[in-house]
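Sequence positions, counted from 1, serve as the residue numbers for this chain. Just so you know, ligand 1 is whichever comes first in the structure, and atom 1 is the first atom listed for that ligand. Side-chain atoms are counted along with the backbone in the values below, which use heavy atoms only and exclude waters and symmetry mates.
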Amino acid sequence: MAPHMKLSVPGRATATAVVAAVSLLVGGSMAGAAPAGPALAAAPDIPVANVKAHLTQLQSIATANGGNRAHGRPGYRASLDYMKGKLDAAGFTTRIQQFTASGRVGYNLIADWPGGDTGQVVMAGSHLDSVSSGPGINDNGSGSAAVLETALAVSRANLQPTKHLRFAWWGAEELGLVGSRHYVNSLATGDRSRISGYLNFDMIGSPNPGYFVYDDDPAIEKTFQAYFTGLGVPTEIETEGDGRSDHAPFKSAGVPVGGLFTGASRAKTAAQVTKWGGTAGLAFDRCYHSSCDTTTNINDTALDRNSDAIAYAVWELSE
Ligand code: DTR
Ligand code: CA
Ligand code: ZN
Ligand code: ZN
């Protein structure tokens, strides 16, 4: 919520901004941020081949660095350097935020897209670290690669949204949301209320996928649900996630949050198989936190749908 929000936007968007401002002043949510009609400029399709190419790079990085991309290990910093190189080349203003956890140095990567009202910052993020037992391609290369490719699509489109766009890749999530909590705790006074919303993506390509939407900010939730309704894909409310990923520090700070999830070690039910296909009685991701969480541990359809949903929400919520 940003009481000092500037309404310096012309035409139709002014009405939206006014509605958003009033809603934020009243409800502290993103209500009104997603106008009823389609986005001014429709979000592009995110090529899943591009997302998978990033996953292949992350797999190679893990293989070349002891088999993982964990906090404090060389594979993590190599993953961050890969992402940063792509973002710098695409015109983002990037910065690396350093912190210490379990006696090892950790890093967050923050990428700002120049322009937009910095009094209304829309953020999309994912944790980039894996567990030490494997390469972490679904957990969470999937979220990291999809957020990266969405940022690159913003650059390709030279998007000029009303709100300011910021993307983030967190370190040390697996140690307990350490990087994202460090970021939130380090925000200057007043900056928290300048974040209109934080969108989190942690495990969005599970091999036996479910389609779960975080049940947090109503406007963000509705935006994701609208996307999946348009695809004809039913969704369920994400129930196991409260406090279990990087949206939690933002939520605790009063920032509207939302996100997507395809499931971890919990087993898919027969009822869910009727909705989504796949295998009942089997975990959504049977390689969760295991060495088999490799590039073979990805369902391409789920990765594609969720990548496109991220782009849709970024376009909708930032216009
Ligand atoms: N804690 C995440 C995986 C995870 C488990 N449940 C949820 C719900 C929503 C998002 C993520 C998760 C991890 O292991 O990284
Ligand atoms: Ca796509
Ligand atoms: Zn994990
Ligand atoms: Zn994760």
Is it true that a side-chain atom of Asn208 and a backbone atom of Asp285 form a donor plus acceptor pair closer than 3.5 Å?
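It does not hold such a pair.
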Please find out if less than 6.0 Å separates the ring center of Phe212 from that of Trp276.
yes
Are Tyr214 and Phe261 near enough that their ring centres are under 6.0 Å apart?
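When the ring centroids of Tyr214 and Phe261 are compared, they turn out to be at least 6.0 Å apart.
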Could you say whether the N/O atoms of Glu238 and ligand 1 ever approach to under 3.5 Å?
no
Give yes if a backbone or side-chain nitrogen or oxygen of Asp202 is under 3.5 Å from a nitrogen or oxygen of ligand 1, and no if not.
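Yes; at least one N/O pair falls below 3.5 Å.
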Cut-off 3.5 Å, side chains only: do [X] and [Y] have a donor facing an acceptor?
X	Y	answer
Glu173	His71	no
Asn200	Ser245	yes
Asp139	His289	yes

Angular separation of OD2 (Asp139) and OE1 (Glu174) seen from the Zn ion (ligand 3), to 10°
150°
Just to check, does Phe212 reach to within less than 4.0 Å of ligand 1 when the distance is taken from its heavy atoms?
no
Decide whether the shortest distance between a heavy atom of His247 and an atom of ligand 1 is less than 4.0 Å.
no
Restricting to N, O or S atoms, which atom of Asp202 is closest to the Zn ion (ligand 4)?
OD1
Check His127 and report its N/O/S atom nearest to the Zn ion (ligand 4), by atom name.
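Closest to the Zn ion (ligand 4) among those atoms: NE2.
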For [X], take its heavy atoms, then give the atoms of ligand 1 lying under 4.0 Å from any of them.
X	answer
Tyr214	9 (C), 10 (C)
Glu173	1 (N), 2 (C), 13 (C), 15 (O)
Asp139	13 (C), 14 (O), 15 (O)

Any salt bridge (Lys or Arg N to Asp or Glu O under 4.0 Å) pairs touching residues 219-237, not counting sequence neighbours?
Glu236-Lys275
Which is closest to atom 7 (C) of ligand 1 by heavy-atom distance: Phe201, Phe261, Tyr288?
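The option holding the nearest heavy atom is Phe261.
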